[in-house]
Amino acid sequence: MVRIPVLTTDEPMTRARQVLRDDIFREIAVTDPKGRYVGYIDITDALRVTDTKSDILIKGFVRDGATVPPGASLIAVSQVIREKNTDIAVVVDDENHVLGGVLLSEIFPILCTREDLRGTVRDCMENRPPVCHAEDNLGKVYSKMIESGISAFAVIKEKSLIGMLSRRDILNNGRVRKSLESGGKVPVESVMTTPVITIEKDESISAAAELMVGHDLSQLPVVDGDLLVGMIDRHGVLNGLHAKE
């Protein structure tokens, strides 16, 4: 369990936007004025509120979140995260006060080592992978990330997959962030991660998990020979999770 950002329903969305823009989290736990957990807000909603003087409150954007008690097993945590399609399970006490959070990124390597993963990549991948082009303006691609909620794009150049661009690539690069904020034009290929790591569509889910854990990846492009045919993320891998007898 780790400390996670927590805001209240009566705070402005601009505050949520600031936290999500400046941190690694994609979600923020939300409580009522009495400190009881009511749900979460997602980066997609928060970053759409661009007016710094906006009086729009968080309470209008709260989503139903994943919660677990302090003693929940990792399997139970992963099941709740899958059901709610979130990146964080919020740990709450008997009165629904937030104690902390369990991040999918933190438990993923443990689950992949400890549990059985069955099936092939093609069974759990996203068939229409989000793509952008190497020469695209980074600002426009980042806007698409915000609008769609997609956290990573495959980067194409002359019909070939040459890299990956994630939200983390942008937020971890202070120079790029300043350029975007000032309206500067930055090409995607100057920020993307390369060389790109891929997996064949007929490989096992366990092979995909091994690559993702070994290289600390949240998304993995799926190929059929030289052709990009899909994308698999941590949630996709969890769909192949079966506890050992």
Are [Y] and [X] connected into the same hydrophobic cluster when the rule is that any two of I, L, V, M, F, W, Y join if their side-chain heavy atoms are below 4.5 Å apart?
| X | Y | answer |
| --- | --- | --- |
| I150 | M164 | no |
| I156 | Y142 | no |
| L161 | L227 | no |
| L220 | V223 | no |
| V121 | L111 | yes |

Quick note, side-chain hydrogen bond (donor to acceptor under 3.5 Å, both in side chains) partners involving residues 151-163, not counting sequence neighbours, are S151-Q219, K157-E189

Qualifying side-chain hydrogen bond (donor to acceptor under 3.5 Å, both in side chains) pairs, either residue in residues 68-87, two or more places apart: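 Of all non-adjacent pairs touching residues 68-87, those that pass side-chain hydrogen bond (donor to acceptor under 3.5 Å, both in side chains) are D64-K84.
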
Rounded to the nearest 0.5 Å, what's the gap from OG1 on T14 to CD1 on I56? Could you check? 9.0 Å

What's the separation between atom CD1 in I41 and atom CG in L7, rounded to the nearest 0.5 Å?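 Here the interatomic distance stands at 5.5 Å.
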
So does D202 pair up with R122, basic N to acidic O under 4.0 Å? yes

Not counting sequence neighbours, which residues clear side-chain hydrogen bond (donor to acceptor under 3.5 Å, both in side chains) with E210? List them please.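 Applying side-chain hydrogen bond (donor to acceptor under 3.5 Å, both in side chains) to E210 gives none.
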
Side chains of [X] and [Y] in contact at under 4.5 Å (non-hydrogen atoms):
| X | Y | answer |
| --- | --- | --- |
| T120 | E203 | no |
| V102 | I88 | no |
| F61 | V30 | no |
| Y37 | H97 | no |
| F108 | V213 | yes |
| F153 | K144 | yes |
| L165 | L138 | yes |
| H215 | L211 | yes |

Give a yes or no answer on whether the side chain of [X] reaches the backbone of [Y] with a donor-acceptor pair at less than 3.5 Å.
| X | Y | value |
| --- | --- | --- |
| E106 | L103 | no |
| S206 | L117 | no |
| D136 | V188 | no |

Donor-acceptor contacts, no H, no angles, side chain residues 127-134, under 3.5 Å, sequence neighbours left out:
none

When L99 is tested against each of D93, V92, V90 for side chain to side chain contact (heavy atoms under 4.5 Å, CB included), which residue passes? D93

Under the rule for salt bridge (Lys or Arg N to Asp or Glu O under 4.0 Å), what residues qualify as partners of R15, not counting sequence neighbours?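 Per chain and number, R15 pairs via salt bridge (Lys or Arg N to Asp or Glu O under 4.0 Å) with no residue.
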
Of all pairs that satisfy salt bridge (Lys or Arg N to Asp or Glu O under 4.0 Å), the ones with a partner from residues 224-236, not counting sequence neighbours: K201-D224, D216-R234

